[in-house]
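Since this is a predicted model, take the numbers as computed values, not measurements.
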Amino acid sequence: MELTRRTFSAVAGTTVLGLVLGGGSSGAVAPSGAGRVVPTGPPPPPPAADGRRHEVRADRYSLLVDGRRLVLWSGELQMFRLPGPSLWRDALEKMRAHGYNAVEVPLAWNQHSPAPGRYDFTGVRDLGLFLRTAAAAGLYVVLRPGPRIGADVDAGGLPGWLAGIAPADRRRHEREWLRRVHEIAGRHLYTSGQGTVLLYRLTEPRLREQVRADGIDVPLVDGDTGVPRPEDAAEERRRRLDDLAGGSVTPQGSLAFGGVSWGWLGAPPVPTAYDEGAAFDGGRKATGRLAPVHQIGQLLRHVPDLSRLEPAARVRAGDRRVAVRHLANPDTGAQVYVLRNDSDQDLTTELPGTAVQGPVPVAARDAKLLVTGMSMGGERKLAYATVQPMLFLGAGRQDIAVFVGRYGEMARVVLECPSQPETTRLDAEAAWAYDHGRLNVSAPLGAGGLTRVLVQGGGSDRPLILVFADDATSLRLWPYETPSGKVLVHGPALLRRVTLDGGTARLTGDVRAATGLEVWGPRGLTGLTWNGTAQPVTVTRAGSVTVAAPAPGTAPLPAAPTPVPPALTAWRRRTENPEAAPDFDDTDWTVADKRASAGPTPVPKGRPVLFADDYGFPYGDVWYRARLTDAAGLTSVRLAHRTGELGLVLAWLDGEPLGAGRGSADGEATTVLELPESLRERFRGRSEGVLSVLVRPGPHDDRWTARGLTSVTFGGAAARARWRVRGAAAPDPVRGPLNNGGLYGEREGWHLPGLDESDWEAVRLPRADRRQGVTWYRTRFRLSVPKTVDAAFGLVLEDAPERAYRVQLFLNGWNIGQYVNGGTQHTFVLPGGVLRTRGDNTLALAVLAEGGTAAGPGEVRLTVLGSAAGGVPVEPVAAPGR
């Protein structure tokens with residue numbers, strides 16, 4: 001049940017809040033008292049682990065934190081897809097700067113638990129460190145530990161070993177998992193002042209009692225595990241404004257950071273890249289979806305009118321293709337209109353019966369938020385605007401109001417002023433006129449960056465700066481709150497921090513393209529430093545200070561340098577799959593003779609269980625070997641397998657390749673392999689042989705469908721088979737249980753740094769080998785990126801699409817993804833920290849070829865995904881070698 005004004009108004013009093021938000025536990029989470037309404041006012045300050053107890057309540061309008069209204073504005077960050085604490089800090093600081101006030105954190109159980117009773121919260125799985133980093137960034141945390149989280153993770157985040165557990169015993173393990181999470185989360189609750197965990201998303205209500213018994217006293221919110229992934233900025237804006245207009249007290253944010261599905265993490269059929277629909281891409285750069293999140297997030301932070309809204313009189317747009325939601329703040333009188341255009345045409349409409357006069361444009365399949373009656377300082381009020389306000393704040397001696405919209409749109413802002421103000425265009429693009437107590441200002445958005453108008457008098461003794469920006473320019477406007485007052489910065493790609501030291505503002509942040517730097521701040525601001533370097537400044541007519549360019553025609557802050565990646569050369573090659581040979585020693589392999597499976601997939605009648613999960617091999621490649629008897633006359637081998645649509649099976653008989661078969665998205669696939677004439681001749685006179693099968697299974701779905709072989713039958717003979725199976729060795733103690741599979745080279749450490757390659761063949765790429773099975777390629781490279789530059793790198797693989805092969809990519813021993821030649825993904829993010837940007841790196845490619853075509857790899861090269869001057873120092877992630 002999602003808590004909305006509609007569901008709230010359907011019941012009496014606030015009892016429903018106690019049910020949904022977890023009332024009846026500690027007093028810190030009770031709903032607000034009946035009859036007591038918290039008025040509109042400033043939101044609570046940014047959260048911190050401040051050591052003071054905090055009260056968290058709610059009413060039908062918003063959350064109430066220490067008696068102040070908080071409109072939650074969250075985004076999801078999947079820490080397991082950003083494998084490195086430095087990346088967490090970078091991502092969380094970017095979220096806070098871009099208007100988010102909360103981060104939703106799903107926890108993947110399978111990342112933390114390699115076996116029953118074993119849990120690991122160290123390294124890239126250090127939940128406590130993540131929660132401390134979120135608190136330091138000033139973000140609330142919405143914790144979502146599952147057990148099942150969805151999130152496009154293998155089996156919804158449930159550990160692979162759970163497939164071998166009887167269903168009756170699984171709940172005991174679920175409770176143990178949550179208890180381990182709660183031991184850590186309980187030390188970071190906002191109610192206790194020890195952290196910023198504000199809410200707990202309960203995906204399975206039956207676990208509510210345990211959550212409370214384990215000491216988690218923050219509000220519990222029910223909700224599904226799906227996270228929206230909008231197609232573009234317009235869809236993001238429509239969904240976010242729908243939440244706002246619908247009165248959702250705890251709206252579900254969309255994906256802020258996705259990252260990569262490294263190792264065997266991802267769910268079917270998700271590729272390694274996991275940034276589609278995210279506000280930030282795999283290289284940690286802003287995408288086009290970020291602008292509405294940034295704009296509305298800043299508005300909710302700096303304009304409290306939107307924290308208490310009630311449905312107001314119905315409004316019909318002049319163009320009925322535009323839907324209108326009308327809300328009002330009963331305290332301030334501000335009116336809010338959410339306009340939605342679901343048509344495929346750009347529309348312009350009037351809003352009869354409202355304070356909004358004149359036509360309002362609404363782009364195709366987009367939405368717009370308009371506000372009237374908002375205070376503009378003193379006796380000045382916003383009569384109406386045809387564009388969205390982004391913020392209103394006081395910085396030093398002046399007030400600043402920012403209005404935003406699409407590039408090229410003509411913005412109109414009308415202020416009610418009891419007397420005529422002195423109005424000055426600070427940029428040539430703006431126009432203004434005063435008539436009958438109203439100041440009318442218009443400006444084209446995006447022309448020359450910012451457009452500013454200075455308004456003095458007109459009902460206030462504080463100057464007002466009207467600032468107009470298009471979507472792209474709005475992403476370079478940064479409000480920041482300091483103990484000495486608020487600051488607004490324009491220019492850089494990111495503002496991370498501001499500290500005020502006397503008359504100097506010390507700013508840290510990131511620069512990508514060359515830019516200027518303008519700062520509005522408290523009185524007496526006369527100096528600026530940027531990332532530790534003092535800047536020459538000039539005071540402007542807008543009451544700001546700007547940085548002077550070092551020379552004519554240059555920008556005050558130069559563009560970040562773009563590193564030049566080295567070419568990948570000095571490759572070495574070695575073939576493997578000795579398991580295909582008939583004399584391979586498999587005596588230490590697991591005997592596959594079970595007759596019943598713990599999972600839901602039916603076992604073929606009269607045949608042994610061959611599912612990889614039942615033998616403890618849930619992730620990665622799995623080898624099967626069968627010793628055949630009574631095989632005289634054998635003509636074909638029929639493999640039934642469940643591998644998912646990206647799965648693959650390769651088979652050998654007595655060491656000779658039989659061929660390959662691909663998986664199916666619909667369940668079981670069947671591959672019939674005919675024996676070549678040489679093998680048929682051999683089995684005319686003998687009855688014994690060895691069948692070897694390599695299975696590359698795809699990820700588990702959320703129904704626990706088995707992976708691996710299902711059954712094997714034979715044509716031409718009633719052969720009998722005695723099976724053994726082998727998958728991954730013991731889980732990597734640093735990289736975790738999803739890093740490795742069962743390839744021979746993985747078991748021997750061929751993917752790890754420090755391997756002696758002296759007996760490997762020196763080769764050049766591209767290759768065109770034609771061989772069924774596995775071939776490894778390794779090379780080393782060194783990067784020397786300056787410490788002041790945060791550069792994101794990717795690995796690009798390209799080849800002729802008809803070549804049938806796949807590649808596992810290992811960087812410094814970390815399995816960073818799977819490439820399928822002929823597929824859609826060719827660029828793979830090399831996560832910072834795993835990648836040494838100032839040091840040596842080892843790249844290993846495990847090429848799995850079907851044998852029917854020439855196989856690569858073809859072109860393999862490094863590419864720069866983005867660079868910024870500034871950033872967060874990236875600390876190396878542990879990568880033990882041989």
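A distance-only check finds a donor-acceptor pair linking the side chain of Arg836 to the backbone of Gly833 [under 3.5 Å]. With hydrogens and angles ignored, the 3.5 Å screen pairs no side-chain donor or acceptor of Ser711 with any backbone N or O of Ala640. Tyr619 places a side-chain N or O within donor-acceptor distance of the main-chain N or O of Gly160, the cut-off being under 3.5 Å. A donor-acceptor pair is defined here as one N or O able to donate and one able to accept, closer than 3.5 Å; such a pair exists between the side chain of Gln825 and the backbone of Thr272. At least one donor-acceptor pair under 3.5 Å links the side chain of Arg680 to the backbone N or O of Leu675. Of the possible polar contacts, one joining the Trp88 side chain to the Leu82 backbone as a donor-acceptor pair under 3.5 Å is found. Proximity of a side-chain donor or acceptor of Arg707 to a complementary backbone N or O of Gly698 within less than 3.5 Å is detected. Under a 3.5 Å cut-off, the side chain of Arg696 and the backbone N or O of Leu646 do not form any donor-acceptor pair. Remark: the backbone N or O of Asn812 is not paired with any side-chain donor or acceptor of Thr842 at under 3.5 angstrom.
Closest approach of Val774 and Asn577 over heavy atoms only: N-OD1, 2.8 Å. Across all non-hydrogen atoms, the minimal contact from Asn110 to Pro159 is CB-CA, 3.6 Å. Of all heavy-atom pairs spanning Ala592 and Pro608, the tightest one is O-CB, 3.9 Å. For the pair Arg724 and Val591, the tightest heavy-atom approach, listed with the atom from each and the gap, is NH1-CG2, 3.4 Å. Closest of all the heavy-atom pairs between Ala804 and Thr853 is N-OG1, 2.8 Å. Residues Arg770 and Gly852 approach most closely at NH1-O, 3.0 Å, considering heavy atoms.
Atom CZ of Arg764 has 12 or fewer neighbouring heavy atoms from other residues, nucleotides or ligands inside a 6.0 Å radius. For Glu761, the CD atom is densely surrounded, since the number of other residues' heavy atoms within 6.0 Å is greater than 12. The local environment of CZ in Arg722 is sparse, with at most 12 non-hydrogen atoms from other residues, nucleotides or ligands closer than 6.0 Å.
Here Glu798 does not pair with Arg803 in a salt bridge; the nearest charged N to carboxylate O distance is not below 4.0 Å. Glu681 has no carboxylate O lying under 4.0 Å from a charged side-chain N of Arg686, or vice versa, which leaves the two without a salt bridge. With respect to Asp586 and Arg726, no salt bridge is recorded, no charged nitrogen being found less than 4.0 Å from a carboxylate O. Note on Asp654 versus Arg682: salt bridge recorded, some NZ/NE/NH1/NH2 to OD/OE distance being below 4.0 Å. Using a cutoff of 4.0 Å between basic side-chain nitrogens and carboxylate oxygens, Asp759 and Arg574 are scored as salt-bridged.
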**OP:** Please test Phe683 against Thr635 for side chain to side chain contact (heavy atoms under 4.5 Å, CB included), starting from the C-alpha separation and ending with a verdict.
**Re:** CA-CA 8 Å; Phe683 279 91; Thr635 59; over 6 Å; no
Subject >> Evaluation steps, salt bridge (charged side-chain N to carboxylate O under 4.0 Å, His left out), between Arg747 and Glu579 >> reply: CA-CA 12 Å; Arg747 304 196 306 266; Glu579 300 92 338; 2.9 Å; yes
Original post:
Would Leu628 and Glu688 satisfy side chain to side chain contact (heavy atoms under 4.5 Å, CB included), going step by step from the backbone distance to the final call?
Top reply: CA-CA 5 Å; Leu628 306 182; Glu688 296 183 349; over 6 Å; no
**OP:** Decide side-chain hydrogen bond (donor to acceptor under 3.5 Å, both in side chains) for Ser261 and Arg81; before the verdict, give the C-alpha distance in whole Å, the side-chain angles of both, and the deciding distance to 0.1 Å.
**Re:** CA-CA 6 Å; Ser261 295; Arg81 283 195 168 99; 3.0 Å; yes
Subject >> Full working for side chain to side chain contact (heavy atoms under 4.5 Å, CB included) between Leu691 and Trp652 >> reply: CA-CA 6 Å; Leu691 176 66; Trp652 294 259; over 6 Å; no
**OP:** May I have the step-by-step check of side chain to side chain contact (heavy atoms under 4.5 Å, CB included) for Leu830 and Leu862, ending in yes or no?
**Re:** CA-CA 9 Å; Leu830 304 179; Leu862 297 172; 3.7 Å; yes
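A distance of 9.5 Å separates OG of Ser664 from CZ of Arg642, quoted to the nearest 0.5 Å. Separating the NE2 atom in His700 from the CG atom in Leu162 is a distance of 11.0 Å, to the nearest 0.5 Å. Between Lys285 atom NZ and Leu865 atom CG the span is 6.0 Å, to the nearest 0.5 Å. Between atom CG of residue Leu673 and atom CG of residue Leu650 there is a gap of 9.5 Å, rounded to the nearest 0.5 Å. The distance from atom CG of Leu568 to atom OH of Tyr777, rounded to the nearest 0.5 Å, is 14.5 Å. With rounding to the nearest 0.5 Å, the separation of CZ in Arg838 from CG in Leu783 is 10.0 Å.
Residues Asn815 and Asn739 have side chains that never bring a donor and an acceptor to within less than 3.5 angstrom of each other. Looking at Asn821 and Glu802, their side chains never bring a donor and an acceptor atom within 3.5 Å of each other. Side-chain contact, Asp701 with Thr705: a donor N or O sits under 3.5 Å from an acceptor N or O.
The side-chain heavy atoms of Phe584 and Arg625, taken from C-beta on, include a pair separated by under 4.5 Å. The shortest side-chain heavy-atom distance between Val693 and Trp623 does not fall under the 4.5 Å cut-off. Under the 4.5 Å side-chain criterion, counting only non-hydrogen atoms from C-beta, Val609 is in contact with Asp614. Residues Val690 and Leu653 form no side-chain contact, since every pair of their non-hydrogen atoms from C-beta on lies 4.5 Å or further apart. Within the 4.5 Å cutoff, the side chain of Leu87 has heavy atoms near those of the Pro831 side chain. Between Glu875 and Ser86, some side-chain heavy-atom pair lies under the 4.5 Å cut-off. In this structure, Val807 and Leu848 have side chains that are not in contact, with every pair of non-hydrogen atoms separated by 4.5 Å or more. Asp275 is not listed as a side-chain neighbour of Phe280, based on a closest heavy-atom distance of 4.5 Å or more.
Relative to the ring axis of Tyr615, Lys594 places its NZ or CZ within 45° and under 6.0 Å from the centre. Taking the centre and axis of the six-membered ring of Tyr274, the NZ or CZ atom of Arg229 falls inside the cone set by 45° and 6.0 Å.
Exactly one residue among Glu757, Arg573, His751 makes a side chain to side chain contact (heavy atoms under 4.5 Å, CB included) with Trp776. That residue is His751. Paired with Gln78 under the rule side chain to side chain contact (heavy atoms under 4.5 Å, CB included), one option of Leu265, Leu255, Val260 passes, and it is Leu255. Just one of Arg662, Arg771, Gln772 meets the side chain to side chain donor-acceptor pair (under 3.5 Å) condition when paired with Glu850; it is Arg662.
Checked against a 6.0 Å centroid threshold, the rings of Trp161 and His173 count as neighbours. The distance between the ring centers of Trp750 and Tyr744 falls below 6.0 angstrom. Ring centroid separation for the pair Phe80 and His112 does not come in under the 6.0 Å cut-off.
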